[in-house]
Amino acid sequence: MRTSWADSVANSASEIAVADNNPLPRPTRSTYVPPHLRNRTASEAPTLPGPVTDRAGFSAAAGGSQWPRWGGGSGGNKPESGRPAQGYGYAGAGRGGGGGGGWNNRSGGWDRREREVNPFGDDEEVDTEHSFNEHENSGINFDAYEDIPVETSGDNVPPPVNTFAEIDLGEVLNQNIRRCKYVKPTPVQRHAIPIALGGRDLMACAQTGSGKTAAFCFPIISGIMREQYVQRPRVARTVYPLALILSPTRELSCQIHDEAKKFSYQTGVKVVVAYGGAPINQQLRELERGVDILVATPGRLVDLLERARVSLQMIRYLALDEADRMLDMGFEPQIRKIVEQMDMPTRGVRQTMLFSATFPREIQRLASDFLSNYIFLAVGRVGSSTDLIVQRVEFVQETDKRSHLMDLLHAQRENGIHGKQALTLVFVETKKGADALEHWLCMNGFPATTIHGDRTQQEREMALRSFKSGKTPILVATDVAARGLDIPHVAHVVNFDLPNDIDDYVHRIGRTGRAGKSGLATAFFNEGNLSLSRPLAELMQEANQEVPAWLTRYASRAPYGGNKNRRSGGGRFGGRDFRREGSFSRNLDYYGGGNSSTAAYGVPGNYGGGYAPGVTSAWD
DNA sequence: AAAAAAC
């Protein structure tokens, strides 16, 4: 039995026909209303008469061509929380399916949220008196954010915001944001959240560790809260999530799920994760209990779709994390199948958001298949690394790598970092190489573990836990751990084997230097890495790193190539949205680039990641 | 060539 909020509402109302495959009308796209102008007049808003739906299942409340109104309800106190709904959001009349409103009015009589585990592990009431004050900003290196270039292109780009308070996310979500100790939005959040709330498709590039997960989760959660009236079809054992978040690894999906659970605590929005390598039955049970946001890896999702246990028919929000990876050769067919060949609403009907730190031009081109009149957002140069990471490259022959690593680890032992064990993440090229190096490290007195695709999911998760806890402060990893994983206290990333792709390098070193903290990245370079010399030297130079003279010499000899994102000799700006590249000018009109506006914002000095010290979460 | 992602 599905007990998701919206399902419950749906159950109490008449069945609706969503049987045909006609594109759903999209009430959101025609007009952009800046966040600060929305929800201005709760008192003027017509009281919702109950779940009124058009044939496609969208709420017909208020707005017409707008998003359904917020705060249209009245008197919607939530008995179990004791907090008044304050005119915001989805509380109030209409919720109960015309039966007098209120939360406990559904058949069954109990509120599922009472059983919701507190993901914050506390039960204290959060301070709601002063919201988002800026007094918790210690530990953040604001200077590092001072001159991050921000570029947007596309039609009618919604302006950025400076604070969470000025974004109308709703009180419950705001409270969760406070519980997460997020004080101010990070640069990517400042720009992406208004764009997403405006209903626009988005291709967002932002540096590793800059808070991308929240940037797409907040708008999805608040959007679903505003539309809880939506009715979903009832087909035996099939569930109809409203949002789908895809990521390339199981651990990353887990992490996104954990974060989304915190953000959606007590909102009534249900988040479920599905990935391979774990028993499917438990995931099926979770799904049957109701799902609004499904976080998944592609393989398991396809399985669920083929079993008809999940339908994408009601998807309103699609987010691809690490989107360039999701669309590269290995994943693209699966993604196309999910997005284009199942029952997902077409682009322009759903809202699609792509996020990554890197976005090669050819992948941008591919990605535009999934987007509709989208906004391109770049915070920092696409594919650049953050200045917070000190990058070193050392020339190390293959045979010397182990002893060289040993030297680094010995040197590091002396660096005690206030209480918390400093963690070292070592990247290697192959799964076998990972096992071998782990074994050798352990034999030599360095507690290490390893994570790669040949290990069972249980082993992978155990390795990650053991590393995070400091029990084994060295983790040897393949590229499975290169992207997105937010592991606090990673002080050092060692590229024992360099990747062939500079973008992979960017993601790997991005496991340190997160949330405004500094980090160190050391790479072992030798003749086997010649093709990386030029892009690596350019990247390091861009990031104001010291480039060894020998690397510069290699780079000058290396053939031009591997330069997917950067224009040689180009300034720090421009040419990052592929629609604006000269060679694609014939496409400009098609993509609406002909009359597109481009705005570049200098970033004010005081707005870095306003997060309390020690608090990092899923940022990428 | 390797890695990831379903059973």
Side-chain angles (χ1 to χ4, degrees), chain A residues 244-257 272-284 286-287 294-310 312 320-339 341-342 356 358 360 363 398 425-438 450-461 463-464 475-485 495-508 510-511 524 526-532 561-562 620:
Chain A
L244 177 63
I245 300 172
L246 291 174
S247 96
T249 66
R250 299 163 181 174
E251 287 78 11
L252 184 52
S253 280
C254 279
Q255 177 182 294
I256 296 166
H257 171 252
V272 175
V273 67
Y275 55 88
I280 199 170
N281 281 334
Q282 199 180 330
Q283 292 173 7
L284 287 171
E286 281 299 315
L287 287 168
L294 177 59
V295 185
T297 49
R300 178 54 62 89
L301 177 60
V302 167
D303 190 358
L304 291 168
L305 291 168
E306 284 170 350
R307 296 177 188 222
R309 299 300 296 263
V310 170
L312 302 178
L320 301 191
D321 201 9
E322 309 298 341
D324 57 330
R325 166 64 78 240
M326 302 303 281
L327 296 173
D328 79 5
M329 279 200 328
F331 272 118
E332 197 222 350
Q334 264 179 312
I335 300 303
R336 261 189 207 286
K337 175 169 186 171
I338 291 166
V339 178
Q341 286 151 38
M342 305 305 288
S356 184
T358 54
I363 303 283
E398 214 60 38
L425 182 50
V426 182
F427 281 102
V428 296
E429 197 58 25
T430 67
K431 295 176 278 196
K432 276 190 165 174
D435 281 336
L437 185 57
E438 178 219 15
T450 183
I451 184 167
H452 59 71
D454 272 357
R455 305 199 81 192
T456 67
Q457 191 54 30
Q458 230 177 5
E459 289 171 326
R460 285 165 57 158
E461 282 166 22
L464 205 50
L475 179 64
V476 183
T478 61
D479 269 330
V480 70
R483 285 172 172 260
L485 294 188
N495 273 290
F496 190 88
D497 301 319
L498 274 165
N500 295 316
D501 188 331
I502 190 64
D503 287 344
D504 292 335
Y505 173 85
V506 168
H507 286 277
R508 285 179 176 189
R511 296 319 94 212
F524 296 173
N526 60 39
E527 289 93 341
N529 309 113
L530 291 184
S531 65
L532 199 68
D620 275 1

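The sequence lines fix the lettering, A, B, ..., with proteins before strands; numbering per chain opens at 1. Remember, predicted model here, so these are calculated numbers, not experimental data.
Using a 4.0 Å heavy-atom cutoff across all strands shown, A:Val302 reaches no nucleic acid atom at all. Residue-level contact check: A:Gly330 touches the bases, meaning some heavy atom is under 4.0 Å from a base atom. Within 4.0 Å of A:Asp504, counting heavy atoms only, lies no atom of the nucleic acid at all. Here A:Asp479 lies out of heavy-atom contact (under 4.0 Å) with every strand. Nucleic acid contact for A:Arg250: sugar-phosphate only, since backbone atoms but no base atoms lie under 4.0 Å from a heavy atom of the residue.
Taking every side-chain heavy atom of A:Thr297 into account, B:dA6 is the closest of B:dA3, B:dA1, B:dA6. Comparing B:dA5, B:dA2, B:dA3 against the side chain of A:Thr478 picks out B:dA3 as the nearest. Taking only side-chain atoms of A:Asn500, from C-beta outward, the nucleotide of B:dA6, B:dA1, B:dA5 with the closest atom is B:dA1.
Counting to the nearest Å, the P atom of B:dA5 and the CG atom of A:Asp454 are 11 Å from each other. Rounded to an integer number of Å, the gap from A:Phe427 CZ to B:dA4 C1' is 14 Å. Between A:Gln283 atom CD and B:dA5 atom C1' there is a gap of 13 Å when expressed in whole angstrom units. Atom CD1 in A:Ile338 sits roughly 11 Å away from atom C1' in B:dA6 (whole-Å rounding). Between the CG atom of A:Asn529 and the P atom of B:dA1 there is a distance of 17 Å, given to the nearest Å. In this structure, CG of A:Leu327 is placed 14 Å from C1' of B:dA4, rounded to the nearest angstrom. Across the protein-nucleic acid pair, A:Glu251 atom CD and B:dA4 atom P stand 10 Å apart, rounded to whole Å. Spacing between atom CE of A:Met329 and atom P of B:dA5 amounts to 17 Å, rounded to whole angstrom units.
For A:Thr249, no side-chain nitrogen or oxygen approaches OP1 or OP2 of B:dA5 to under 4.0 Å. The shortest distance between the side-chain N/O atoms of A:Thr430 and the OP1/OP2 oxygens of B:dA1 is not below 4.0 Å. Taking side-chain N and O atoms only, A:Lys431 has a distance below 4.0 Å to OP1 or OP2 of B:dA4. For A:Arg460, a side-chain nitrogen or oxygen approaches OP1 or OP2 of B:dA5 to under 4.0 Å.
Formation of a donor-acceptor pair under 3.5 Å by the A:Asp497 side chain with backbone atoms of A:Val428 is not found in this model. Judged by distance alone, the side chain of A:Gln282 and the main-chain N or O of A:Pro279 form no donor-acceptor pair under 3.5 Å.
Checking A:Val310, A:Leu287, A:Leu284, A:Val295 one by one against A:Val272, the side chain to side chain contact (heavy atoms under 4.5 Å, CB included) holds for a single residue, A:Leu287.
Between A:Ile245 and A:Leu294, every side-chain heavy-atom pair lies at or beyond the 4.5 Å cut-off.
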### Task
Let me have DNA chain B in dot-bracket notation, would you? Count Watson-Crick plus G-U wobble pairs, both distances under 3.5 Å, and use [ ] for pairs crossing earlier ones and | for inter-strand partners.
.......
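Side-chain N/O atoms of A:Asp479 and A:His507 include no donor and acceptor closer than 3.5 Å.
In summary, A:Asp303 and A:Arg307 engage in a salt bridge, as defined by a charged side-chain N under 4.0 Å from a carboxylate O.
Taking OG1 from A:Thr297 and CZ from A:Arg250, the interatomic distance works out to 6.5 Å, rounded to the nearest 0.5 Å.
Scanning for side chain to side chain donor-acceptor pair (under 3.5 Å) contacts around A:Glu251 gives A:Gln457, A:Arg460, with sequence neighbours left out.
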